[in-house]
J.: 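Pasting in a structure now, in structure tokens, and then I'll have a few things to ask.
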Amino acid sequence: MTALALRRASRAPVNRYDQAAALWLLAPMLAVLAVVAVFPVLYSLWVSFFDLRLTRPHRVPFVGFDNYVDVFQDELFWQSVWRTTSFTLICVVAIMLIALAMALLLNEEFRGRRFLSAMLLVPWAIPYVANGLMWKWIYDSGYGALNGILFQLDFIDKYMVWLGDSKKTLWLIANAFVWKEVPLATILVLVGLKSIPADLYSAARVDGANTWARFIHITLPSLRPSFMLVVIYETMMAIRHFDLFFILTEGGPAEASHVLAWHVYVETFRKLSFGTGSALAYIMAIVTFVLAFWLIRALGKKL
Amino acid sequence: MKLHRLHRRDFLKSTAAAALAGSGAFGALGRALAAEPLNFFAWSAGVDQVKAHISAFEAKTGIKVNYGNAPWAQYRDTLVTKFVGKAPLDVLWVSDAWLPEWAEAGWLAPIDGYPQLLKYNADVDDFSTKSMMWKGKQYGLTYYTDYMGFFYDEGMLQKAGISAPPATWDEVVQQSLKIKKAGLSEYPLMLSMARETWLIEFLSALVFSHGGRFVDDSGAAVMQDKNKGAHEALTWIVDAVQKHRIVSPACVEIGELNGLKAFTSGQHAFAMLGRYRIRTLNDPKQSQIAPRARQALMPRGPHGKNATVGWNRFYGLTTAAAKDKAKAAEAVKFIEWFVGKADGQYAFQKLMFTDVGSGFAVKSLFKDPDIIKAYNQYSDIKMYEKQQALAQKKDVIAPWFGEWDEVNGTAFQAAVVGKSPIDDALKRSADTWNKLRRRA
């Protein structure tokens, strides 16, 4: 079939029988989606307008937007927003830089490249909970590997407090997050690197461009689509991240790692205040959506 | 054709009706023949001992028991969800921390109407019975009661030339500095102050031993009052970490279990741990300081009397079970079998004590030769009993306890790590308490 014939076929009106059949065939999946996705989303929105506490089942007053107002008036909420922003910035910048460096390395031909590529995937393959437990051991102030190595190398003269030091906590959790997320980002950047035509570099060489000039004027601009993907994905992941905060610090010490996702968890599952928890979750979802939309618009324009 | 269709429809209708009627009739008959089992839910502790005791109960009474359990960490959430979802529950294990919340929600029924259960109160420690009461009604019978203990490594003290354990918190500082100076331990006192359910137990023990309270008899917060002990206790902790450096600044990341491991590895001279941990501390297979671990009375503050905090886990009866007379009668038999006397003795509590080392509130068990023999193999039963008599129930147990505990733990931690002045931390805790109390 020629291209013209295909175009014509695609424009041809769909048979009413086919439309009905398609609808019937899709109906079971639509029903499943309605039950497992649409209903919970709408129901949680409904819940966010009530003062619903599981431990007070007989009194569930309608409070309108009070839950949202309470959230915005809560000082801890704004502190957690600030901490989440800091955590996200630290993580995304670190992931971008490390992933770029790793991708540039793996884009070169050298002995052991394939082995290194395979090894790179190991952190990605480890589940977040296992990753958290591993870093908990590493950071432990009594028997942790980090203290052990630094002590043996004479960088420290006594064991240090890591996660228990509120000035270091967020950085250490960010480190564990970056370690886990770098492989995927590297692969995405590497795919971008592989798609840059070699002719561009050859032409630049003929024009006398040195390595740095080629990197700045060819490699980086060509990687914009990959960067956009990485920035959006990792920003979403960092904003919503919960597992490491749960395993490593439970939001502590004091409130040093009390981020938004932890705030939602505490309200919903520790205080069992589902009204406020739902309101918080909606605020978080809207912020994430707006941010993603803005990032796509801002970065997309430059593509 | 029409006739044929009618016949077919009639046939289908009558078949369906017969099937429905049959299933209903047989269902009712089935339920009548096979009585519904008693639904018992607990956390995953002493599972083998519980199962064995259930088997004995079933054999003795003919009442079938449907036993389920969930891990302690998820127990409250699991049970709350079960209650809200109206899952079948008749008897369950309850922690004193959740009693007001569950009683106010109407999920637990008082046992005041069952004299065959209340008669056991006469043989139970007073603080333990108080821990099962809410608004003047008793909601269960305890199977496990314990308290926060103060332990020391006798060998380390002897090496430092210390002949007797500290009796006051000032002496803890002095002895710790001596041990530190001798190079025996960098942080002689082990305190676990990570954010977990244990934190309130540690804090309460410190506050009570300073003669303090979090709230007064009317339920108003007094923790912020400089004359009510909590301020004194928090000041002592902050000084111990920041000024004397006898407690590791890492205490805010050390949970109870890790604290136990650190103490058993010989890193510390003193530790605050659940009393039942003495069995592990003096077990050579699990502890490097065995058999040198000793229990002392909780040191006292300038206005304190060696008091400590006690906790209580008990068998509770659900409202749903209490409404059904026959079910309630079975449930009461079941509770008595486990917590009261089974075949003339406190069989389950003895079994749990000898097998697992968990504590009890039954005073007469302190005179039981089997108990004395078992306990004296690794500790001193007289010290156990003496400290238990000085235990107090947590004064912050209220329907809003969980919410307040989140803030209080954070506030104490903030003071310990130097992020917040002591006054501010306690004011925050008190303000939260009063706000939640007003809202309730």
Side-chain angles (χ1 to χ4, degrees), chain A residues 51-61 70 74-76 79-80 135-137 139-144 147 157-169 172-173 245-258 262-263 265-274 276-277, chain B residues 74 76-77 79-81 83-86 98 100-107 186-187 190 193-197 199 241 248-255 258-259 261-262 265 267-268 399-407 409-420 425 428 436 439-440:
Chain A
D51 184 10
L52 171 59
R53 291 167 195 279
L54 279 196
T55 50
R56 199 192 55 196
H58 308 304
R59 192 158 57 90
V60 187
D70 287 350
D74 183 1
E75 196 186 332
L76 188 56
Q79 287 173 7
S80 64
W135 283 100
K136 198 174 173 72
W137 277 60
Y139 291 149
D140 190 277
S141 56
Y143 52 80
N147 268 333
D157 56 359
K158 63 174 186 176
Y159 276 26
M160 305 271 290
V161 176
W162 298 108
L163 290 170
D165 183 342
S166 56
K167 292 186 189 109
K168 299 180 194 133
T169 313
L172 294 168
I173 299 173
F245 293 96
F246 179 69
I247 292 161
L248 290 176
T249 57
E250 298 210 11
E255 280 151 355
S257 58
H258 193 109
W262 180 256
H263 198 55
Y265 169 75
V266 168
E267 284 296 325
T268 314
F269 295 105
R270 290 212 169 163
K271 298 182 179 176
L272 297 174
S273 176
F274 277 56
T276 318
Chain B
Q74 286 87 44
R76 174 177 167 249
D77 306 352
L79 261 291
V80 168
T81 315
F83 281 127
V84 173
K86 301 196 188 311
W98 312 318
E101 187 180 81
W102 294 6
E104 288 288 317
W107 296 327
E186 190 179 359
Y187 299 113
M190 197 289 297
M193 298 206 60
R195 277 170 58 166
E196 55 178 16
T197 52
L199 184 55
V241 176
S248 168
C251 64
V252 290
E253 61 168 287
I254 297 173
N258 274 346
K261 286 178 187 168
S265 70
Q267 291 178 35
H268 307 280
W400 54 90
F401 166 70
E403 269 187 80
W404 170 79
D405 194 33
E406 281 290 326
V407 177
T410 303
F412 267 70
Q413 276 198 341
V416 171
V417 298
K419 279 193 80 177
S420 162
R428 188 179 165 202
L436 292 168
R439 194 187 69 188

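Each chain gets a letter, A, B and so on, in the order its sequence line appears, and its residues count up from 1. These numbers were taken from a predicted model, which means no experiment stands behind them.
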J.: In plain terms, say whether B:E406 and B:R428 are close enough for a salt bridge, that is, a side-chain N and a carboxylate O under 4.0 Å apart.
T.: no

J.: Go through the atoms of B:E186 and report whether side chain, backbone, both or neither lie under 4.5 Å from a heavy atom of chain A.
T.: side chain

J.: Looking only at side chains, do A:S166 and A:T169 share a donor and an acceptor under 3.5 Å apart?
T.: no

J.: Heavy-atom cut-off 4.5 Å, strictly under: side chain, backbone, both or neither for B:W107 against chain A?
T.: side chain

J.: Look at B:I254, B:V80, B:V417 and state which one has the largest set of heavy-atom pairs under 4.5 Å with chain A.
T.: B:V80

J.: Does a salt bridge link B:E403 with A:R53, judged by any charged N lying under 4.0 Å from a carboxylate O?
T.: yes

J.: Report the C-alpha separation of A:T268 and A:S273 in whole Å, then their side-chain angles, then the decisive distance to 0.1 Å, and conclude whether the side chain to side chain contact (heavy atoms under 4.5 Å, CB included) test is met.
T.: CA-CA 5 Å; A:T268 314; A:S273 176; over 6 Å; no

J.: What part of A:Y159 is in contact with chain B, defined as an atom under 4.5 angstrom from a non-hydrogen atom: side chain, backbone, both or neither?
T.: neither

J.: Taking B:A411, B:A250, B:P399, B:A414 one by one, which has the highest count of heavy-atom pairs under 4.5 Å against chain A?
T.: B:A250

J.: Could you go step by step and tell me if A:W162 and A:N147 meet the side-chain hydrogen bond (donor to acceptor under 3.5 Å, both in side chains) rule?
T.: CA-CA 9 Å; A:W162 298 108; A:N147 268 333; 2.9 Å; yes

J.: Start with the C-alpha gap between A:T276 and A:D70, add the side-chain angles, then the distance that decides, and say whether side chain to side chain contact (heavy atoms under 4.5 Å, CB included) holds.
T.: CA-CA 8 Å; A:T276 318; A:D70 287 350; 5.6 Å; no

J.: Between B:E104 and A:R56, does any side-chain N to carboxylate O distance fall below 4.0 Å?
T.: no

J.: For A:W262 and A:F245, what are the C-alpha separation, side-chain angles and deciding distance, and is it a ring-ring contact (aromatic ring centres under 6.0 Å, His included)?
T.: CA-CA 7 Å; A:W262 180 256; A:F245 293 96; 8.2 Å; no

J.: Among A:R270, A:H58, A:K158, which residue has the highest count of heavy-atom pairs closer than 4.5 Å to chain B?
T.: A:R270

J.: Does any backbone or side-chain atom of B:Y187 lie under 4.5 Å from a heavy atom of chain A? Answer side chain, backbone, both or neither.
T.: side chain

J.: Under 4.5 Å from any heavy atom of chain A, what part of B:D405 do you find: side chain, backbone, both or neither?
T.: neither

J.: Under a 4.5 Å cutoff for heavy-atom pairs, which residue among B:S248, B:P249, B:A262 has the most contacts with chain A?
T.: B:P249

J.: At a heavy-atom separation under 4.5 Å, does B:E101 approach chain A through its side chain, its backbone, both, or neither?
T.: both

J.: If I measure from the heavy atoms of chain B, does A:P57 come under 4.5 Å with its side chain, its backbone, both, or neither?
T.: side chain

